[in-house]
Amino acid sequence: MRFVRRCVLGVLLVPLALSACGGTSSSYSEGYTDGASPAATAQAPEALTTQEAAFVTQARAIAPRIVGDDERLAARASNTCSSLTDGKSDSQITDVAVERFSSGSYQVTRTEAEQLVEAARTTVCAAG
């Protein structure tokens with residue numbers, strides 16, 4: 001019976017405690033005269049070029065578990081273009097691509113890296 005009373009009491013007090021945390025803070029809404037939150041007024045990322053979008057599509061098909069938003073993947077492709085013009089060997093370019101496209105949660109294989117380099121070469125790098 002005590003358990004039931006405690007549960008009922010808890011259920012009644014939780015909404016009161018939560019409502020005490022609610023409300024608007026002038027410091028939070030300062031500078032947002034239209035009532036929009038900071039997230040709603042943040043700049044949207046720039047749209048990808050056709051070549052960048054093509055690379056991202058290919059990259060996600062090559063390595064479906066690859067990590068990163070589209071803009072970050074496009075930037076990695078652009079960095080790959082720099083590697084291609086630096087006079088490095090194909091093996092060195094692949095090594096760099098493995099590092100570039102891997103993350104803490106996903107390790108790109110050499111085969112995937114080679115395919116990602118080729119995808120960058122035929123899309124983003126071809127545009128520049």
Side-chain angles (χ1 to χ4, degrees):
M1 190 67 164
R2 283 185 183 177
F3 176 76
V4 172
R5 274 191 235 153
R6 286 184 182 170
C7 288
V8 170
L9 186 58
V11 168
L12 294 175
L13 291 178
V14 169
L16 291 174
L18 291 175
S19 66
C21 295
T24 60
S25 166
S26 62
S27 64
Y28 176 77
S29 59
E30 246 176 64
Y32 299 97
T33 56
D34 63 354
S37 69
T41 59
Q43 291 279 341
E46 290 184 30
L48 298 178
T49 66
T50 303
Q51 293 82 7
E52 290 170 333
F55 172 79
V56 168
T57 300
Q58 289 180 33
R60 298 225 185 264
I62 292 165
R65 294 179 42 218
I66 200 166
V67 177
D69 60 21
D70 293 354
E71 290 80 14
R72 180 168 288 161
L73 287 175
R76 290 176 181 166
S78 180
N79 291 336
T80 299
C81 298
S82 296
S83 294
L84 290 168
T85 60
D86 285 347
K88 295 179 181 172
S89 70
D90 288 345
S91 179
Q92 290 172 318
I93 292 170
T94 300
D95 291 341
V96 170
V98 166
E99 291 177 27
R100 180 174 287 138
F101 289 99
S102 293
S103 68
S105 62
Y106 182 67
Q107 179 72 29
V108 174
T109 67
R110 285 191 65 76
T111 301
E112 290 170 334
E114 290 168 352
Q115 293 173 352
L116 290 166
V117 168
E118 187 57 29
R121 183 187 326 260
T122 60
T123 55
V124 177
C125 303

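- In this structure Thr50 satisfies the side chain to side chain donor-acceptor pair (under 3.5 Å) test with no other residue, sequence neighbours excluded.
- Following chains of ILVMFWY side-chain contacts shorter than 4.5 Å, one can reach Phe55 starting from Leu48, so the two form part of one hydrophobic cluster.
- Evaluation of the side chain to side chain donor-acceptor pair (under 3.5 Å) test over residues 56-68, restricted to residues two or more places apart or in two chains, returns Arg60-Asp70.
- One hydrophobic cluster, built from ILVMFWY side chains closer than 4.5 Å, holds both Val108 and Val67.
- Follow the hydrophobic side-chain contacts under 4.5 Å out from Val124 and you reach Ile62 in the same cluster.
- Sorted by first and then second residue, the disulfide (SG to SG under 2.5 Å) pairs involving residues 51-128 (not counting sequence neighbours) are Cys81-Cys125.
- Side-chain atoms of Glu52 come within 3.5 Å of backbone atoms of Thr49 as a donor-acceptor pair (strictly under, hydrogens ignored).
- Rounding to the nearest 0.5 Å gives a distance of 3.5 Å between OG1 of Thr80 and CZ of Phe101.
- Screening Asp90, Asp86, Leu84 for a side-chain contact (heavy atoms from CB on, under 4.5 Å) involving Lys88 leaves a single residue, Asp86.
- Every residue meeting the side chain to side chain donor-acceptor pair (under 3.5 Å) condition with Asp95, not counting sequence neighbours, appears here in chain and number order: Arg110.
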Identify each donor-acceptor pair in which a side-chain atom of residues 113-120 lies under 3.5 Å from a protein atom, sequence neighbours left out, and give them as a table.
from	atom 1	to	atom 2	distance (Å)
Glu118	OE1	Arg121	NE	3.0

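- Under the rule for a side chain to side chain donor-acceptor pair (under 3.5 Å), Arg76 has no partner lying at least two apart in sequence or in another chain.
- A distance of 8.0 Å separates OG in Ser102 from CD1 in Ile66, rounded to the nearest 0.5 Å.
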